[in-house]
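Please read the structure below before turning to the comments.
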Protein chains: 2
Amino acid sequence: MDIGEIARRAGVARSTVSYALSGKRPVSVETRRRIQQVIDELDYRPNASARALKEGRTRTVGLVIPPAGPRLTSMQLDFVGSVVEAAARVDLDVLLSPSGGDRDRSLERLISGRRVDGVILMEILMEDSRVARVAQSGVPFVTIGRVRDPDATWWVDMDYAALVGRCVDHLADLGHRHVALVNRSPALMAAGYSPGHRARDGFAEAVARRGVSGSEFCCEDDVAGGERCVAEILATRPSTTAIVTVNEAALPGVQRALERAGHEIPRTFSVAGIAAHQWAEEFHPPLTAADVPSLAMGTVAVELLAEHIADPDAPAGHRLFMPPISLRDSTGSVPRPSARPAFFSPAAPRRFREADAD
Amino acid sequence: MDIGEIARRAGVARSTVSYALSGKRPVSVETRRRIQQVIDELDYRPNASARALKEGRTRTVGLVIPPAGPRLTSMQLDFVGSVVEAAARVDLDVLLSPSGGDRDRSLERLISGRRVDGVILMEILMEDSRVARVAQSGVPFVTIGRVRDPDATWWVDMDYAALVGRCVDHLADLGHRHVALVNRSPALMAAGYSPGHRARDGFAEAVARRGVSGSEFCCEDDVAGGERCVAEILATRPSTTAIVTVNEAALPGVQRALERAGHEIPRTFSVAGIAAHQWAEEFHPPLTAADVPSLAMGTVAVELLAEHIADPDAPAGHRLFMPPISLRDSTGSVPRPSARPAFFSPAAPRRFREADAD
DNA sequence: TTGTACGCGTTATCAC
DNA sequence: GTGATAACGCGTACAA
């Protein structure tokens, strides 16, 4: 079912069919009609490989995701979903590459096999060997997140440092003097995970600026990790009255551990942070947080990549998102000492919970 | 950087390079070494489009996912992750196609543009137009989930009907006489979503067989939906003492609503169901459930597809998963009437919670 | 409009 | 065992 077949049945030359389809040369209406009719009949569509070979582009972009290892987090998934949707809207296909290192076979195939016109990378490390590999290959790419020194590369990111700083500001304004940062897992931090490090820096800057005391805790990215982490905070920093968290997967555990310790949010303890909208709303009570605009970020990443592909020599484009912090119900003014539960201790069994304030 | 370049630098013929790479003709060790050296130096890899054009296969599979619409659920995400990983292990690339209907442009590109050697579809409906479209195209495909009449197609699925039946059995054995099924959303059911319908059938069969009373509730796939649904169950079927749920996204809401109504799981109310391992473990208390083996299912889907591609005429392969129900802590014997909370009512404000049983 | 060279890797053919 | 040559797959775009 190739273009020659169409040409034969329509009684024209192969090139005429091609021009009729592309419109790059005028074709008489009558001829075009005959050709279109045959095409519809046979449901013909040009062979993508032949076209890619000739045109030198594949109309495909690669999306490098972390190897599923433990599992993809819902935020990562949101990015995947939004990138795929945005790409589909402009008729680009998305090839997935689960690559953790710079020599993963699937990444090599994408790049040196010229399977894609461009690449989007996510879950970026401060020094990222995958980014280095793609950069070296010369294939246009955009990162969701950014490396330590990102000026020369195309990226879209969220301003973790500033947003964490704003959370600290918000809590300091409410009178909190002892704030803890619940950051991402030790393994991720050790790998140089970029949002974690920028959150760390922003936190340090903000607590210094506001003159409050702050301690950082690296927390496994799951519910159990959140429980352990809060227990540790309450045990080692008992004066803490508020948490800033960038670890959304730990949120249910954070909530559970605080409840178990007898805390009532926000009356006796405040929590703010950065999280996907969904997680913020499912927190109990709804979490005061900067909602990760994953949909917009994925969309913009595709737009930037399309620009970059169209003009490889254009100066690198960037887009730093700074979503507002949505005030929900998880932050309040610092508790008077008497309002703190008398019996709280990380291991204390749950006894009761007071009625909700009216 | 084409094969001619390699040949020139290695001082051999183009065909010799090709043969050295494919092994389809013996090449002396010395020549092979020289060629390999040049290849390593230049990091050469054959152009995927040219190869695909010549060989008639792309070494790529398509994965049709539902349009991200509201959002992909974590179970869907697990399937995507496991399929991509499994494919990468056998050096297959995965092209994502967010397609809800049978004429989505991206699905058409995959199929008639011959971009893929085979297709995996997920979130299958009883009558699925995407499946029909792919079947008609002649491209090999495997479904995760299955259509109403699946004998002729390749699929991997979980036995929702039997597993829901087992949950009912388990609850009936514990003495429960009034059981509710928390099914997927009304919209999904109306669309003919296959797991939902098989769950419905299995439930109806099991309650009849066991002579218990059962009612089905279709529940939105989110936390708020779970809360509303449980409220409705408690209001309209107050004799209900146990729930079977196949709606994992609603689980946190189910838990919250039961707590709010004064129930203590499993002492005064039992919950069992089907859910991803993660969700089951995060339920409070951990949920007695059949864990969706998404990793195994994705892997087997890729294996079946590879088989199907290798031998298009082989009889259709199937694999029905029937994971055991993991007994955790959310089911118990039916409460004596006195053990039921005196004040429970769906809208009752939370007052207190009794201490955990020791 | 038509004829045809081209993009690039694979493979068959024939010769050394 | 290896080299050289050419045909092939299929759409594109230039020259005629």
Side-chain angles (χ1 to χ4, degrees), chain A residues 1-36 38-39 42-60 91 93 108-117 139, chain B residues 1-39 42-60 91 93 108-117:
Chain A
M1 213 78 4
D2 61 10
I3 202 174
E5 176 78 11
I6 307 296
R8 205 169 317 120
R9 299 211 191 199
V12 298
R14 287 198 314 155
S15 46
T16 308
V17 176
S18 182
Y19 288 128
L21 282 174
S22 68
K24 293 190 179 174
R25 273 279 219 294
V27 173
S28 76
V29 272
E30 169 52 20
T31 316
R32 163 178 282 117
R33 205 196 46 70
R34 262 208 334 280
I35 292 173
Q36 193 56 51
V38 178
I39 286 178
L42 302 193
D43 193 31
Y44 162 80
R45 210 169 307 263
N47 179 307
S49 303
R51 170 180 275 189
L53 181 56
K54 173 63 187 172
E55 291 192 329
R57 61 169 178 159
T58 58
R59 297 160 192 269
T60 305
D91 287 333
D93 286 317
E108 287 305 318
R109 278 200 303 272
L110 290 201
I111 293 172
S112 26
R114 277 153 294 178
R115 296 180 71 91
V116 296
D117 299 333
V139 173
Chain B
M1 213 80 3
D2 61 8
I3 201 173
E5 177 77 12
I6 306 297
R8 203 168 321 120
R9 299 213 190 197
V12 298
R14 281 195 332 148
S15 48
T16 308
V17 176
S18 183
Y19 290 128
L21 282 173
S22 69
K24 295 195 175 170
R25 217 166 89 166
V27 172
S28 76
V29 270
E30 170 52 23
T31 317
R32 164 177 283 117
R33 204 194 47 69
R34 259 205 340 279
I35 292 173
Q36 192 57 50
Q37 191 179 330
V38 178
I39 286 178
L42 302 193
D43 194 30
Y44 164 79
R45 213 168 306 265
N47 180 308
S49 302
R51 172 180 272 186
L53 181 56
K54 174 65 187 168
E55 290 191 330
R57 60 168 178 159
T58 58
R59 298 161 194 267
T60 304
D91 287 332
D93 286 317
E108 286 306 317
R109 278 200 303 273
L110 290 201
I111 293 172
S112 20
R114 277 154 294 178
R115 296 180 71 91
V116 296
D117 299 334

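Order of the sequence lines sets the chain letters (A, B, ...), proteins ahead of strands, with each chain counted from 1. The figures that follow rest on heavy atoms only: side chains count, while hydrogens, waters and symmetry mates do not.
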I need the [atom1]-[atom2] distance between [X] and [N], as an integer number of Å.
X: A/Tyr19; N: C/dT4; atom1: OH; atom2: P; result: 15 Å
X: A/Glu30; N: C/dT1; atom1: CD; atom2: C1'; result: 15 Å
X: B/Leu21; N: C/dT11; atom1: CG; atom2: C1'; result: 14 Å
X: A/Ile3; N: D/dA13; atom1: CD1; atom2: P; result: 11 Å
X: B/Tyr44; N: C/dT10; atom1: OH; atom2: C1'; result: 10 Å
X: B/Ile35; N: C/dG9; atom1: CD1; atom2: P; result: 14 Å
X: B/Arg114; N: D/dG9; atom1: CZ; atom2: C1'; result: 10 Å
X: A/Glu55; N: D/dG9; atom1: CD; atom2: C1'; result: 16 Å

- Taking DNA chain C as the partner, which of residues 45-53 of chain B come within under 4.0 angstrom of it by heavy atom? B/Pro46, B/Asn47, B/Ala50, B/Arg51
- Which part of the nucleic acid, if any, lies within contact of A/Val12, taking any heavy atom under 4.0 Å across all strands shown: a base, the sugar-phosphate backbone alone, or nothing? sugar-phosphate
- What is the nucleic acid contact for B/Ser22, judged by heavy atoms within less than 4.0 Å: base, sugar-phosphate only, or nothing? nothing
- Message: For B/Arg25 and B/Lys54, find the nucleotide of DNA chain C closest to each by heavy atoms; which residue's nucleotide sits nearer the 5' end?
- Response: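 Here B/Lys54 is the residue nearer the 5' end.
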For residues 1-15 of chain A, which side-chain donor-acceptor pairs fall under 3.5 Å, sequence neighbours excluded?
from   : atom 1 : to     : atom 2 : distance (Å)
A/Asp2 : OD1    : A/Gly4 : N      : 3.2
A/Asp2 : OD1    : A/Glu5 : N      : 3.0
A/Glu5 : OE1    : A/Arg8 : NH1    : 3.0
A/Glu5 : OE2    : A/Arg9 : NE     : 2.9
A/Glu5 : OE2    : A/Arg9 : NH2    : 2.9

- Task: Would you mind telling me which of D/dT5, C/dA5, C/dG9 lies closest to the side-chain atoms of B/Arg14?
- Result: C/dG9
- Quick one: which of C/dT2, D/dT5, C/dT1 gets closest to the side chain of A/Ser15?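 Closest nucleotide to the A/Ser15 side chain: C/dT2.
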- Return yes if some donor-acceptor pair links the side-chain N/O of A/Arg32 with the main-chain N/O of A/Val27 below 3.5 Å, else return no. yes
- Closest to the 5' end of DNA chain D, once A/Arg59 and B/Val27 are matched to their nearest nucleotides, is B/Val27
- Task: Starting from the C-alpha separation in whole Å, work towards a yes-or-no answer on side chain to side chain contact (heavy atoms under 4.5 Å, CB included) for B/Arg109 and A/Arg59.
- Result: CA-CA 11 Å; B/Arg109 278 200 303 273; A/Arg59 297 160 192 269; over 6 Å; no
- Task: Test B/Leu110 against every option in B/Val116, B/Thr60, B/Thr58 by the side-chain contact (heavy atoms from CB on, under 4.5 Å) rule and name the one that passes.
- Result: B/Val116
- Task: Any chance you could lay out the side chain to side chain contact (heavy atoms under 4.5 Å, CB included) test for A/Ile39 and A/Leu21, step after step, and finish with the verdict?
- Result: CA-CA 10 Å; A/Ile39 286 178; A/Leu21 282 174; 3.7 Å; yes
- Query: Would you say B/Thr16 reaches D/dG3's phosphate, i.e. side-chain N/O to OP1/OP2 under 4.0 Å?
  - Reply: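 For B/Thr16, the contact criterion (side-chain N or O under 4.0 Å from OP1 or OP2 of D/dG3) is met.
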- Just jot down the salt bridge (charged side-chain N to carboxylate O under 4.0 Å, His left out) partners of B/Arg34, sequence neighbours excluded, or say none.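 Checked B/Arg34 against salt bridge (charged side-chain N to carboxylate O under 4.0 Å, His left out); matches are B/Glu30.
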- Query: What's the verdict on side chain to side chain contact (heavy atoms under 4.5 Å, CB included) for B/Thr31 and B/Tyr19, showing C-alpha distance, side-chain angles and the deciding distance?
  - Reply: CA-CA 11 Å; B/Thr31 317; B/Tyr19 290 128; over 6 Å; no
